[in-house]
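Working notes, beginning with the structure itself.
These figures come from a predicted structure and were not determined experimentally.
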Amino acid sequence: MKYTSATEAVKEIKSGDRVYVHAAAATPTFLVSELSKRAHELRDIEFCHIHTSGNAEYANPAYKDSFFVNSFFLGANVRHTIKEGNGSYLPIFFSEMGKVIRTELNVDVVLIQISEPDSHGYCSLGTSVENIRAAIETSRVVIAQVNKYMPRTFGDGILHISTITHLVEHHQPLDILDNGNITDEEAKIGNYIAELIEDKSCLQLGIGSIPNAVLNNLKNHKGLGIHTELFSDGIVPLVKSGVITGEHKKLLKGKIVSTLAHGSQLLYDFIDDNPGVEMRDASFTNDPAKISQNNRMVSINSAIEVDVTGQVSADSIGSRIFSGVGGQVDFIYGSSLSKGGKSIIALTSTTAKGANKIVPFLKQGAGIVTTRAHVNYIVTEYGVANLFGKNIRQRVKAMAEIAHPDFREQIEKEYFEAISS
């Protein structure tokens, strides 16, 4: 066995190394913390990852000579690095992250969190398969935090300890995700979206209050399936009540397919040793060709801002990078190729401070994640705009109708005055 202390294990990391960190609920926070303690002796370490949990001490601007963050999807714990100059953002489709890891990044060290090995020496990546296998298979060193709280999941997350350089035993409950309370506006959005979902549909929906609002309105649906990038607690009661069965799926029939799971202990208990859940590599879950094999595929994604022609900004607030491209386009395109499929962008019409989200023109510097040609349905608390097959003039009218009433006249006026000047 290769067990050692965290202090000894992270000594493998040298100045100039590129370190890939396991994501979301599987973030090996104990190893990350131990490595961060070496800031005084290391230089030019690059951390690569998607959204991680924990404090991310390495992202402290005081350590900018030692640590740099190269994030594929920013969370709150590293978002400040863009402004502070000790981080940057790599925009990429989630389906292609494994490819860029294998061909462009040359990862030196991988930090992962795994379940305890079984009697045959096999362990599980548990809640987060994402693109970690590409990093494991191409890196020089693999350091694993072994945690008895990590659920064992089926699919692409099974690996043998022979592929791991160092095992560090440290048991701690996984990060718990608070999906927040559902507002009245989000509840209305959830109801509108539920009305678009037919029985026997296959769903992709993420985490947060709007996906939960959708799931709350699906209790009378029948024969639903799940093929998604990420899921949380909301699907568990629908599985137990027989709403989600997967029986009509064409790809991995009867299975809940995902690459990430992040929620409460209820969720982690549900996926543990559950053959009905397949945790697959993102190159599989997010491949539009595979997504499209499921009939009536429905993708539900969010946006920061949408213009009246249907352009979706989802990774930035103006020029300020906020999150990432993620799998939005993967699933929008996959669902559009699906027989009877639908793609949905859901957002409240205004921000918490009352600013308009349905705008004549996106903010200067805003990143367009989804083009106007990709967009199908846009849903706010004021209704549904189906933009598919609509010309620009028709789109502007439809989008104004689902905007907040205080902004509707202004939206149309500003847009048409601008294009006619």
Q. Does a donor on one side chain sit under 3.5 Å from an acceptor on the other, for Ser209 and Glu186?
A. yes
Q.
Tell me if a side-chain donor or acceptor on His374 pairs with a main-chain N or O of Val329 at a distance below 3.5 Å.
A. no
(Q) If we ignore hydrogens and angles and just use 3.5 Å, is the side chain of Asp281 paired with the main-chain N or O of Asp156 as donor and acceptor? (A) no
Q.
Within the 3.5 Å criterion, strictly below it, is a donor on Glu381 or Thr183 matched to an acceptor on the partner's side chain?
A. no
**Q.** Minimum heavy-atom distance Gly155-Arg280, with the two atoms named
**A.** CA-CD, 4.0 Å
Q: For residues Tyr377 and Ile193, determine if any side-chain heavy atom of one lies less than 4.5 Å from a side-chain heavy atom of the other.
A: no
Q. NZ of Lys363 to OG of Ser316: how many Å apart, nearest 0.5 Å?
A. 9.5 Å
Q: Find out whether Asn147 and Phe30 are in side-chain contact, i.e. whether some heavy atom of one side chain is under 4.5 Å from a heavy atom of the other.
A: no
Q: Give the minimum heavy-atom separation between Ile402 and Gly383, together with the two atoms involved.
A: CG2-C, 3.6 Å
Q.
Tell me whether Thr309 contacts the main-chain N or O of Ile392 through its side chain, where contact means a donor paired with an acceptor under 3.5 Å.
A. no
Q | Donor-acceptor contact present, side-chain Glu229 to main-chain Gly327, <3.5 Å | A | yes
Q | Value rounded to 0.5 Å, distance of NZ in Lys397 from OH in Tyr415 | A | 15.5 Å
Q) Looking at Ser115, Ser124, Pro28, which hits side chain to side chain contact (heavy atoms under 4.5 Å, CB included) with Met150? A) Ser115
Q.
Check whether Thr371 reaches the backbone of Ala373 with its side chain - one donor and one acceptor, N or O, closer than 3.5 Å.
A. yes
Q.
Would the distance check show the side chain of Ser258 and the main-chain N or O of Met279 forming a donor-acceptor pair, the cut-off being under 3.5 Å?
A. no
Q) Think Arg408 forms a cation-pi with Tyr382, using NZ or CZ under 6.0 Å from the six-ring centre and within 45 degrees of its axis? A) yes
Q: Apply side-chain contact (heavy atoms from CB on, under 4.5 Å) to Ile256 and Phe270, showing your working.
A: CA-CA 12 Å; Ile256 294 169; Phe270 172 75; 4.1 Å; yes
Q.
Using the rule given for side chain to side chain donor-acceptor pair (under 3.5 Å), can you reason through Glu96 versus Asn286, listing the C-alpha separation, both sets of side-chain angles and the distance that settles it, and then say yes or no?
A. CA-CA 9 Å; Glu96 295 188 339; Asn286 287 57; over 6 Å; no
Q) In Å, rounded to the nearest 0.5 Å, how long is the span from CD1 of Ile189 to CD1 of Ile210? A) 4.0 Å
Q: Over 60° means perpendicular and under 30° means parallel, so classify the ring planes of Phe67 and Phe47, tilted if in between.
A: perpendicular
Q: Kindly indicate, with the supporting measurements, whether the criterion side-chain contact (heavy atoms from CB on, under 4.5 Å) is fulfilled by Leu224 and Ile197.
A: CA-CA 9 Å; Leu224 299 181; Ile197 297 172; 4.2 Å; yes
Q: Provide the closest heavy-atom pair for Val168 versus Ala6 in the form atom of the first, atom of the second, distance.
A: CG1-N, 3.7 Å
Q) Would one find more than 12 heavy atoms of other residues, nucleotides or ligands at under 6.0 Å from atom CZ of Phe284? A) yes
Q.
Leu203 and side chain to side chain contact (heavy atoms under 4.5 Å, CB included): which single residue from Ile244, Leu218, Thr228 fits?
A. Leu218
Q | Pair Asn301-Gln204, side-chain donor/acceptor within less than 3.5 Å | A | yes
Q.
Taking the basic N atoms (NZ, or NE/NH1/NH2) and the acidic carboxylate oxygens, is any pair closer than 4.0 Å for Glu417 and Lys413?
A. yes
Q | NE2-OG1 distance between His227 and Thr285, expressed to the nearest 0.5 angstrom | A | 5.5 Å
Q) Is there a donor-acceptor contact under 3.5 Å from the side chain of His404 to the main chain of Ser349? A) no
Q) Quick one: does Asn376's side chain have a donor or acceptor within less than 3.5 Å of a partner on Lys342's backbone? A) no
Q. Is there side-chain contact between Tyr58 and Ile45, with heavy atoms separated by less than 4.5 Å?
A. no
**Q.** Distance-only side-chain donor-acceptor flag, Thr370 / Gln328, under 3.5 Å
**A.** yes
Q: Quick one: sort the Phe72 and Tyr20 rings into parallel, tilted or perpendicular, breaks at 30° and 60°.
A: tilted
Q) Okay, side chain of Thr259, backbone of Glu130: is any donor-acceptor separation there less than 3.5 Å? A) yes
Q: Measure from the side-chain N and O atoms of Ser36 to the backbone N and O of Val32, and report whether any donor-acceptor pair falls under 3.5 Å.
A: yes
Q: Check whether any side-chain heavy atom of Lys357 lies under 4.5 Å from a side-chain heavy atom of Thr380, and answer yes or no.
A: no
Q) So, Glu34 and Lys37, do they make that salt bridge, N to O below 4.0 Å? A) yes
Q) Do Ile13 and Asp108 come within less than 4.5 Å of each other through their side chains, counting heavy atoms only? A) no
Q | Inter-residue atom distance Leu260.CG - His51.NE2, 0.5 Å rounding | A | 10.5 Å
Q.
Checking side-chain polar atoms at under 3.5 Å, does Thr52 have a donor or acceptor matched by the opposite partner on Asn77?
A. yes
Q) Taking all non-hydrogen atoms of both residues, which atom of Asn274 and which atom of Gly276 are closest, and how far apart? A) OD1-N, 2.8 Å
Q. Which pair of heavy atoms, one from Ala134 and one from Gly98, lies closest together, and at what distance?
A. CB-O, 3.8 Å
(Q) Take a 6.0 Å sphere around NZ of Lys64 and say whether it holds more than 12 heavy atoms from other residues, nucleotides or ligands. (A) no
Q: Could you walk me through whether Val277 and Thr153 pass side-chain contact (heavy atoms from CB on, under 4.5 Å), step by step?
A: CA-CA 7 Å; Val277 177; Thr153 57; 5.5 Å; no
(Q) To the closest 0.5 Å, what do you measure between CG (Leu74) and CD1 (Ile50)? (A) 11.5 Å
Q. Do the non-hydrogen side-chain atoms of Lys219 and Ser241 ever get within less than 4.5 Å of each other?
A. no
**Q.** 4.5 Å side-chain heavy-atom contact, Asp272 and Arg152
**A.** yes
Q) In terms of side-chain geometry, is the basic nitrogen of Arg140 or Glu12 positioned less than 4.0 Å from the acidic oxygen of its partner? A) no
Q: Output, in order, the C-alpha distance, side-chain angles, deciding distance and verdict of side-chain contact (heavy atoms from CB on, under 4.5 Å) for Met399 and Leu387.
A: CA-CA 9 Å; Met399 291 296 286; Leu387 303 187; 4.1 Å; yes
(Q) When you compare the side chains of Arg43 and Ser66, does any donor N or O come within less than 3.5 Å of an acceptor on the partner? (A) yes
Q. Which atoms form the tightest heavy-atom contact between Ala59 and Val78, and what is the distance?
A. CB-CG1, 4.0 Å
Q | Exceeds 12 heavy-atom contacts within 6.0 angstrom, atom CZ of Phe388 | A | no
(Q) Contact between Asn356 and Ile411 at the side-chain level, heavy atoms closer than 4.5 Å - yes or no? (A) yes
(Q) Assess the residue pair Asp175 and His262 against the criterion (side chain to side chain donor-acceptor pair (under 3.5 Å)); give the C-alpha distance rounded to whole Å, side-chain angles, the decisive distance to 0.1 Å, and a yes or no. (A) CA-CA 8 Å; Asp175 183 68; His262 201 171; 2.8 Å; yes
